[in-house]
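The structure appears below as structure tokens.
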Amino acid sequence: PIISVIGHTDTLGDKDHNLRLSTQRAESVGQLLIENGVVADKIEMSSHGEENLLIKTRDNVSEPKNRRVEIIVR
């Protein structure tokens with residue numbers, strides 16, 4: 001794969017839910033890339049849940065900047 005799509009969440013809610021949510025975010029963005037012509041086998045999708053926060057917060061803190069998808073093109 002040459003494109004990594006990584007989903008993230010903030011720390012609001014439990015870790016299992018956030019991992020599922022970040023996976024859904026990555027898959028949604030990956031699907032948009034495929035619908036717009038990117039070959040599926042060039043995309044690697046993963047999720048970090050509430051790990052690797054952009055803005056460090058305590059547990060159960062809503063932080064919109066942490067709810068994101070990163071796209072890395074190599």
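Every heavy atom of this structure was used, including side-chain atoms; hydrogens, water molecules and symmetry mates were not. If you read the sequence from its start, that first residue is 1, and numbering goes on from there.
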Please assess Arg67 against Arg25 for the test side chain to side chain contact (heavy atoms under 4.5 Å, CB included), listing each intermediate value before the final yes or no.
-> CA-CA 9 Å; Arg67 299 188 298 262; Arg25 287 182 175 150; 3.5 Å; yes
Is [X] reaching over with its side chain to a backbone N or O of [Y], donor-acceptor style, under 3.5 angstrom?
| X | Y | answer |
| --- | --- | --- |
| Thr9 | Gly49 | yes |
| Asn18 | Asp10 | yes |
| Thr11 | Asn60 | yes |

Going by heavy atoms in the side chains, are [X] and [Y] under 4.5 Å from each other?
| X | Y | value |
| --- | --- | --- |
| Asp41 | Val39 | yes |
| Asn66 | His8 | no |
| Pro1 | Lys42 | no |

Quick one: hydrophobic cluster around Val29, which other residues, with the 4.5 Å side-chain cut-off, linked directly or via members?
->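 Besides Val29, the cluster holds Ile2, Ile3, Val5, Leu33, Ile34, Val38, Ile43, Met45, Val69, Ile71, Val73.
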Ring pair (Phe, Tyr, Trp, His ring centres under 6.0 Å): which pairs involve residues 17-39, sequence neighbours left out?
->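 Non-adjacent pairs meeting ring pair (Phe, Tyr, Trp, His ring centres under 6.0 Å): zero.
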Residue pairs fulfilling ring pair (Phe, Tyr, Trp, His ring centres under 6.0 Å) with at least one residue in residues 53-74, sequence neighbours excluded =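 Sorted pair list comes back empty.
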Rounded to the nearest 0.5 Å, what separates atom [atom1] in [X] from atom [atom2] in [Y]?
| X | Y | atom1 | atom2 | result |
| --- | --- | --- | --- | --- |
| Thr57 | Leu53 | OG1 | CG | 5.0 Å |
| Leu32 | Glu27 | CG | CD | 12.5 Å |
| Ser46 | Ile6 | OG | CD1 | 4.5 Å |
| Gln24 | Ser47 | CD | OG | 10.0 Å |

Is it true that Lys56 and Glu63 make a salt bridge, defined as a side-chain N closer than 4.0 Å to a carboxylate O?
->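 No salt bridge links Lys56 with Glu63.
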Please report the C-alpha distance between Leu54 and Arg68 in whole Å, then the side-chain angles of each, then the deciding distance to 0.1 Å, and finally whether the side chain to side chain contact (heavy atoms under 4.5 Å, CB included) criterion is met.
-> CA-CA 9 Å; Leu54 187 62; Arg68 68 196 193 282; 3.8 Å; yes
Residues Asp59, Glu50; criterion side chain to side chain contact (heavy atoms under 4.5 Å, CB included); working and verdict = CA-CA 9 Å; Asp59 197 27; Glu50 57 186 65; 3.6 Å; yes
